[in-house]
Number of protein chains: 2
Amino acid sequence: MSTSNDDALAILRDKGLKATTQRIAILEALMSERAHPTAEEIHDALATEHPTISRSTVYETLSRFSEEGILDPLQTGDGVTRFEFHNHPHVNVVCIECQQIADVDSDHITPFLEHVRDETPWQVLDQQVKLRGLCHACKATKQP
Amino acid sequence: MSTSNDDALAILRDKGLKATTQRIAILEALMSERAHPTAEEIHDALATEHPTISRSTVYETLSRFSEEGILDPLQTGDGVTRFEFHNHPHVNVVCIECQQIADVDSDHITPFLEHVRDETPWQVLDQQVKLRGLCHACKATKQP
DNA sequence: GTCTCTGCAAAGTATTTGCACGTGC
DNA sequence: GCACGTGCAAATACTTTGCAGAGAC
């Protein structure tokens, strides 16, 4: 039993979700990934270890996890939903050329979000800061 | 000729886009709307005045306008893309119950975004801050 | 006159649904 | 044992494409 397996198990238990093989596999995959995979990519990535896992299970599991706040869904504008493991507040930067996504940590995020939460009369549950631009490689390609 | 018509015309000219009846209609609709309509909603809204406008024209025009920075596309998580006229930086708050969207202005946004731009090595072209939560009405319904 | 835009229908793609079976607790 | 989760296939919904004709400049 790996550590990440135990971690995944603990998270599921904590949320009162049944710890099935598939859910643990999906959660482990997302915890170890630094990428921001799509439902399809996760499905394909699990195909080797779990050849029988179905698309609907992956979709169902990902949306369940998102509801529970275990994952953050992220829409980058290319029509597919990407997922990342829910971390401390951070900024996602999306490259408009290669669709790559990176995370930026900033000390300014938390105080900023607190300000905004004070300024809206709504009850805020979740937040997302997204930048669009050009990554190193694509910037270089565009300006030779 | 209404003022908003002239405004729309000026924007199209400025971007070097041909000023067709359909484009002016779509742009006017989005400039006067305080809402954040979907492509379908825009198509339906224009049906009375322009019964022959087609879905593909609306989609094509909206994505063209987004490319040019005239509009901001906004994905709220319900699977459809919404559009708003490109304003000064602001925060979008999305109600997870009724899918309503509101805008929040905050003096803290611009300085915050400047900080983040300094903290990433990427070339930032555009930014979006999105909060998810409960609007007044839905909050009241949830906590009677 | 030229080139871009429009409209139609048809295709493509991500995601959801219904339902029978299987599995964790 | 019972509820919840899974897998399959088919359906749905949003968006895109190809192409002929029309309209802006």
Side-chain angles (χ1 to χ4, degrees), chain A residues 1 5-6 8-27 29 36-47 49-68 70-71 73-83 99, chain B residues 1 5-6 8-27 29 36-47 49-68 70-71 73-83 99:
Chain A
M1 279 297 151
N5 189 308
D6 289 348
L9 211 59
I11 292 169
L12 292 172
R13 290 268 156 73
D14 181 52
K15 298 288 183 182
L17 297 172
K18 286 199 176 165
T20 65
T21 320
Q22 295 85 340
R23 288 182 169 186
I24 293 173
I26 292 172
L27 199 42
H36 302 68
T38 66
E40 284 294 317
E41 284 166 1
I42 294 167
H43 181 250
D44 294 350
L46 297 178
E49 300 275 329
H50 307 269
T52 67
I53 200 168
S54 81
R55 228 165 288 248
S56 33
T57 300
V58 175
Y59 276 104
E60 148 70 19
T61 303
L62 291 173
S63 71
R64 197 72 214 286
F65 286 179
S66 301
E67 268 176 36
E68 298 290 345
I70 302 173
L71 302 180
L74 188 59
Q75 317 207 240
T76 60
D78 56 354
V80 289
T81 306
R82 295 174 174 278
F83 295 87
Q99 305 297 328
Chain B
M1 281 296 151
N5 190 307
D6 289 348
L9 210 59
I11 292 169
L12 293 173
R13 290 269 158 74
D14 181 52
K15 299 287 182 182
L17 297 172
K18 287 202 174 162
T20 64
T21 319
Q22 296 85 341
R23 290 182 167 188
I24 294 172
I26 292 172
L27 199 42
H36 302 69
T38 67
E40 283 294 317
E41 284 166 1
I42 294 167
H43 181 250
D44 294 350
L46 296 178
E49 300 274 329
H50 307 269
T52 68
I53 200 168
S54 82
R55 228 166 287 249
S56 35
T57 300
V58 175
Y59 276 104
E60 147 71 18
T61 303
L62 291 173
S63 70
R64 198 73 214 285
F65 285 0
S66 303
E67 267 175 37
E68 298 290 345
I70 302 174
L71 301 180
L74 188 60
Q75 316 207 242
T76 61
D78 56 354
V80 289
T81 307
R82 296 174 174 279
F83 295 87
Q99 306 296 328

**Fill in**
Nearest heavy-atom approach of T76(A) to Q75(B) is C-OE1, 4.3 Å
**Prompt:** So do the side chains of F65(B) and L17(B) get within less than 4.5 Å of each other, counting heavy atoms only?
**Reply:** yes
**Prompt:** Which residues satisfy the side-chain contact (heavy atoms from CB on, under 4.5 Å) test with A29(A), sequence neighbours excluded?
**Reply:** L46(A)
Is there any protein nitrogen or oxygen under 3.5 Å from a nitrogen or oxygen in nucleotides 19-22 of chain C, and what are the pairs?
none

**Protein-nucleotide distance (E60(B), atom CD; dT4(C), atom C1'), rounded to Å** = 10 Å
**Asked** Should R23(B) and E60(B) count as side-chain neighbours, where that means a heavy-atom distance under 4.5 Å?
**Response** yes
**Item:** Nearest heavy-atom neighbours spanning I53(B) and H43(B)
**Value:** O-NE2, 3.0 Å
**Asked** Closer to the 5' end of DNA chain D via nearest nucleotide, is it R64(A) or S63(B)?
**Response** R64(A)
**Item:** Gap between atoms CZ and P, on R23(A) and dG7(D) respectively (whole Å)
**Value:** 11 Å
**Message:** Tell me the interatomic distance from H43(B), atom NE2, to dC14(D), atom C1', rounded to whole angstroms.
**Reply:** 14 Å
**Request:** Give the intermediate values and the outcome of side chain to side chain contact (heavy atoms under 4.5 Å, CB included) for residues T61(B) and Q22(B).
**Result:** CA-CA 9 Å; T61(B) 303; Q22(B) 296 85 341; 5.6 Å; no
**Message:** I'd like to check E40(A) versus V80(A) (side-chain heavy atoms, cut-off strictly below 4.5 Å). Are they in contact?
**Reply:** no
**Minimal non-hydrogen separation, A39(A) against Y59(A), with atom names** = CB-CE2, 3.5 Å
**L46(B) CG to dG7(C) P, straight-line distance once rounded to whole Å** = 10 Å
Which protein N or O atoms sit under 3.5 Å from an N or O of nucleotides 13-15 of chain C?
unit_1, atom_1, unit_2, atom_2, d
dT15(C), OP1, T81(A), N, 3.0
dT15(C), OP1, T81(A), OG1, 2.9
dT15(C), OP2, Y59(A), OH, 2.9

Look for any protein N or O under 3.5 Å of an N or O in nucleotides 8-11 of chain D and output each such pair with its distance, or none.
unit_1, atom_1, unit_2, atom_2, d
dC8(D), N4, S56(A), OG, 2.7

**Item:** Minimum-distance nucleotide (side-chain atoms of Q22(B) versus dG7(C), dC25(C), dA24(D))
**Value:** dG7(C)
**Asked** Can you tell me how far P of dC5(C) sits from CG of L27(B), to the nearest Å?
**Response** 14 Å
**Message:** Is there a side-chain contact between T21(A) and the phosphate of dT23(C), meaning an N or O under 4.0 Å from OP1 or OP2?
**Reply:** no
**Message:** Please report the distance, rounded to the nearest Å, between CD in E67(B) and P in dT16(D).
**Reply:** 11 Å
**Request:** Mind checking side-chain contact (heavy atoms from CB on, under 4.5 Å) for S54(B) and listing every partner two or more places apart, or none if nothing turns up?
**Result:** S56(B), T57(B)
**Item:** Rounded interatomic separation in angstrom, taking NZ from K18(A) and C1' from dG24(C)
**Value:** 5 Å
**Prompt:** With S63(B), which residues qualify under side chain to side chain donor-acceptor pair (under 3.5 Å), at least two apart?
**Reply:** none
**Prompt:** Which atom names give the shortest non-hydrogen contact between V58(A) and I26(A), and what distance separates them?
**Reply:** CA-CD1, 4.0 Å
